[in-house]
Amino acid sequence: MGAIIPIADMLNLAEEVAELFTLMLDDVNLEILPPLTIPQIQAGRIRPGLNSAIITSSMVARFPKLGIPSGPLANGTPNVMVAYTEALIEEIVSAIQDDMRVEVAVDPGILLQAYGANAGGPVVAIGATSSPHLGIGIAR
Amino acid sequence: MALQTVNLDSPLTDAQAELTAKLGAIKNLLSIPKIKFPKLGKDKQISLFDYIIKVLEILGIDAKALIESFIYQFFDEDKLTKNVLSIFANMAADNGKNLQYPAQSSSNPNPSQKKQLSRDNLTYLYNSQVGSALKTFLRAQKILLAKKVIFLIFGGDGNGLIEDINYTGNPPFSYQENPDDLKKEASCGTELFSLTNLDSITEISQSDLEYNRIKVLQNVQNGNVEYTISCQGVQISLPTDPLYFFQEGGPNQLIAGAPIENPGRSISLLFNYVGDQVQKQNKETNANAAATAFAKNFVEKLIQYAPIILRPVFEYVFQLLPSIGINIPTNPSNSSNDLGFSQADFTSTACDILNNPQNQKKKDSSYNLCNILLKMLLNILITYLIKEITKLATLYITTKVVEKMKRKNRKIAERFAMMEKIRNKVINKITKLNALLTKIQPILDLGVPKV
């Protein structure tokens with residue numbers, strides 16, 4: 001059925017309303033993590049590193065809450081979901097540990113003191129780095 | 001459906017199976033059809049009303065309550081007065097007419113001048129005796145307006161809902177309506193305006209137009225509204241005593257109940273009635289969904305039929321305008337016309353408009369009224385939706401963050417518990433070692449041999 005009287009242009013805003021609601025929901029994805037302190041970062045030394053077996057078992061432990069069976073299925077068929085999860089995690093962890101490259105940029109301004117001596121006697125130099133320094137890291 | 005069992009006697013080696021898996025995956029990924037969302041012009045897109053209803057359904061929110069809120073506002077005499085006077089104000093402003101100071105009218109106002117003029121005109125009309133007299137008139141007529149809408153939807157003989165109407169008012173005003181004329185208007189009215197973006201009338205053939213008109217007229221004359229629910233046709237007609245919608249007490253009362261003052265409440269009773277009818281003819285589980293579907297239909301009909309049911313109100317306003325010095329000669333092009341439009345064009349019937357679809361002047365008043373009402377409806381729906389989506393987003397963040405923190409804390413506790421276990425093991429070992437050493441110390445500690 002046609003309509004002789006059209007809807008006013010200022011009320012044809014389905015696109016704009018959809019964009020508005022999408023923007024409101026996009027905020028949900030912003031997870032603002034608080035910055036770590038230097039001691040917290042230094043304490044990273046005692047972190048055990050990624051372990052695919054531990055990650056896999058943590059994920060499989062959540063299956064019951066999600067309604068996913070974690071053992072063999074009722075008719076005896078192997079549960080490929082667990083095998084799939086294991087394969088997925090192993091590949092991701094392997095890629096992170098073997099292929100991933102962490103590139104670091106250190107801000108200038110690191111204080112340094114150098115001690116030495118020359119014919120004239122002891123020399124002390126005090127200063128700070130004047131340009132950013134690039135570094136490489138490996139994720140474990 | 002049983003899962004395919006893994007074939008343990010595969011003739012392929014590890015490398016061969018890996019290659020076939022990778023090639024199969026690549027082929028599969030390339031063959032997945034890419035969904036392309038077309039770029040649609042505004043006139044071809046889903047309408048905002050339909051889109052909001054879709055979003056509400058996804059959120060599991062019943063739109064019936066929001067629609068009832070709109071209906072309550074529609075029949076509120078103050079809001080209805082403003083809406084009716086807005087049409088006059090807007091149309092006068094489009095013609096550059098200043099209703100309070102006619103001498104200040106301009107012939108070609110720009111959009112911002114039109115907007116300001118529209119506001120000034122509305123304020124003037126609303127605060128004048130036109131506004132107060134109209135409010136009083138609407139307070140008295142609003143129940144009748146609701147009865148007319150229900151009659152236009154269900155038709156038939158109305159089962160006593162509506163008879164020949166003779167409107168009167170102060171200053172002296174007389175206007176007559178009869179049910180048969182209203183029924184003819186109903187069949188034209190369904191093609192006047194839609195809450196859905198459909199193709200314009202020029203793209204539908206004349207024969208389709210006639211078929212639609214006849215089908216609707218048949219439905220309205222037979223007194224039935226037919227819905228298809230779960231592939232079953234369900235016919236809903238008015239009860240034998242539809243006046244109970246407008247009285248307290250419910251159906252089948254021996255003594256009529258006190259009249260209901262608020263038409264919105266009567267319409268809510270109508271929605272419940274439709275749900276009950278579906279429950280009797282179809283299934284109990286479909287009753288609520290049917291009531292909601294009827295509510296959506298009803299609100300579209302209310303806006304479509306608004307120009308029909310409010311025509312006596314427009315005539316009354318035209319009667320009132322000269323009392324505040326607004327001059328309305330018959331010929332709108334007459335320079336002494338303070339409105340810039342004629343009463344005849346403003347109060348065109350729906351069938352009149354349908355028979356002259358290219359005549360913009362006849363459509364103007366209906367265009368303004370239908371879009372003003374649609375704006376009011378969308379305002380209610382969008383305001384509610386913004387609140388709900390904000391609540392949903394906040395709930396999602398807090399729930400997910402809390403769950404994540406719980407899992408992190410549990411992992412840290414497990415890690416420290418493990419380290420505590422190792423520490424205790426080491427301490428136990430050292431303690432045992434010390435105890436053993438103490439026992440065998442005399443043997444280990446030889447010193448000087450004693451004879």
Side-chain angles (χ1 to χ4, degrees), chain A residues 1-34 40 43-44 46-51 54-55 57-59 61-62 65-66 68-69 72-84 87-88 91, chain B residues 2-6 40 42-43 45-52 55 190-204 208-209 212 216 304 307 350 353-354 357 363 366-372 374-375 378 382 385-386 389-390 392-394 396-397 400-401 404 407 411 415 419:
Chain A
M1 248 189 308
I4 293 187
I5 293 173
I7 296 174
D9 286 341
M10 62 170 257
L11 299 178
N12 259 333
L13 298 171
E15 183 79 9
E16 286 80 356
V17 164
E19 283 175 18
L20 168 69
F21 292 148
T22 307
L23 267 174
M24 285 167 67
L25 291 172
D26 273 351
D27 282 349
V28 163
N29 292 332
L30 285 175
E31 204 181 317
I32 300 170
L33 297 170
Q40 279 176 314
I46 62 167
R47 283 191 173 197
L50 291 174
N51 183 319
I54 293 176
I55 297 172
S57 70
S58 299
M59 281 187 69
R62 289 174 72 177
K65 277 190 197 163
L66 302 170
I68 303 171
L73 301 181
N75 57 5
T77 318
N79 188 334
V80 292
M81 190 71 187
V82 175
Y84 164 74
L88 186 69
E91 289 303 318
Chain B
L3 281 175
Q4 213 175 357
T5 51
V6 173
L40 296 168
K42 287 269 182 188
D43 56 337
Q45 288 180 20
I46 188 173
S47 70
L48 183 51
F49 173 73
D50 284 339
Y51 188 66
I52 290 175
V55 172
T190 50
E191 290 158 60
L192 214 55
F193 186 75
S194 175
L195 296 187
T196 304
N197 259 343
L198 299 170
D199 293 330
S200 69
I201 194 70
T202 51
E203 291 184 30
I204 290 181
D208 287 341
L209 177 62
N212 286 335
V216 171
Q304 272 175 355
I353 295 172
L354 218 61
K363 286 197 267 185
S366 300
Y367 173 86
N368 272 282
L369 176 61
C370 294
N371 281 293
I372 284 171
L374 177 58
K375 188 177 165 188
L378 292 173
I382 292 178
L385 209 48
I386 288 175
I389 290 184
T390 310
L392 185 72
T394 314
Y396 180 79
I397 294 173
K400 287 295 167 190
V401 164
K404 219 172 176 174
R407 279 200 300 274
K411 264 193 182 159
R415 202 168 284 164
M419 287 172 71

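Residue numbers begin at 1 in each chain, while the letters A, B, ... track the order of the sequences. The structure presented is a predicted model; accordingly, all values stated were derived computationally and were not measured.
- For chain B, no part of A:Ile54 is nearby; none of its heavy atoms comes within less than 4.5 Å.
- Summarising the local packing, CZ of B:Arg407 is surrounded by more than 12 heavy atoms from other residues, nucleotides or ligands at distances under 6.0 Å.
- A:Ser57 meets the side chain to side chain contact (heavy atoms under 4.5 Å, CB included) test with no other residue; sequence neighbours excluded.
- Looking at B:Ile386, both its backbone and its side chain come within 4.5 Å of chain A, counting heavy atoms on both sides.
- For chain A, the nearby parts of B:Tyr367 are the backbone and the side chain; heavy atoms of each come within less than 4.5 Å.
- Heavy atoms of A:Glu15 lying under 4.5 Å from chain B belong to its backbone as well as its side chain.
- The environment of CZ in A:Phe21 is crowded: more than 12 heavy-atom neighbours from other residues, nucleotides or ligands sit within 6.0 Å.
- Looking at B:Ile46, the atoms closer than 4.5 Å to chain A (heavy atoms on both sides) sit in the backbone and in the side chain alike.
- Between B:Phe49 and A:Ile7, the closest side-chain pair of non-hydrogen atoms is not below 4.5 Å.
- Taking the side chain to side chain contact (heavy atoms under 4.5 Å, CB included) definition, one finds that A:Asn79 meets it with A:Pro69, A:Leu73, A:Met81, A:Val82, sequence neighbours left out.
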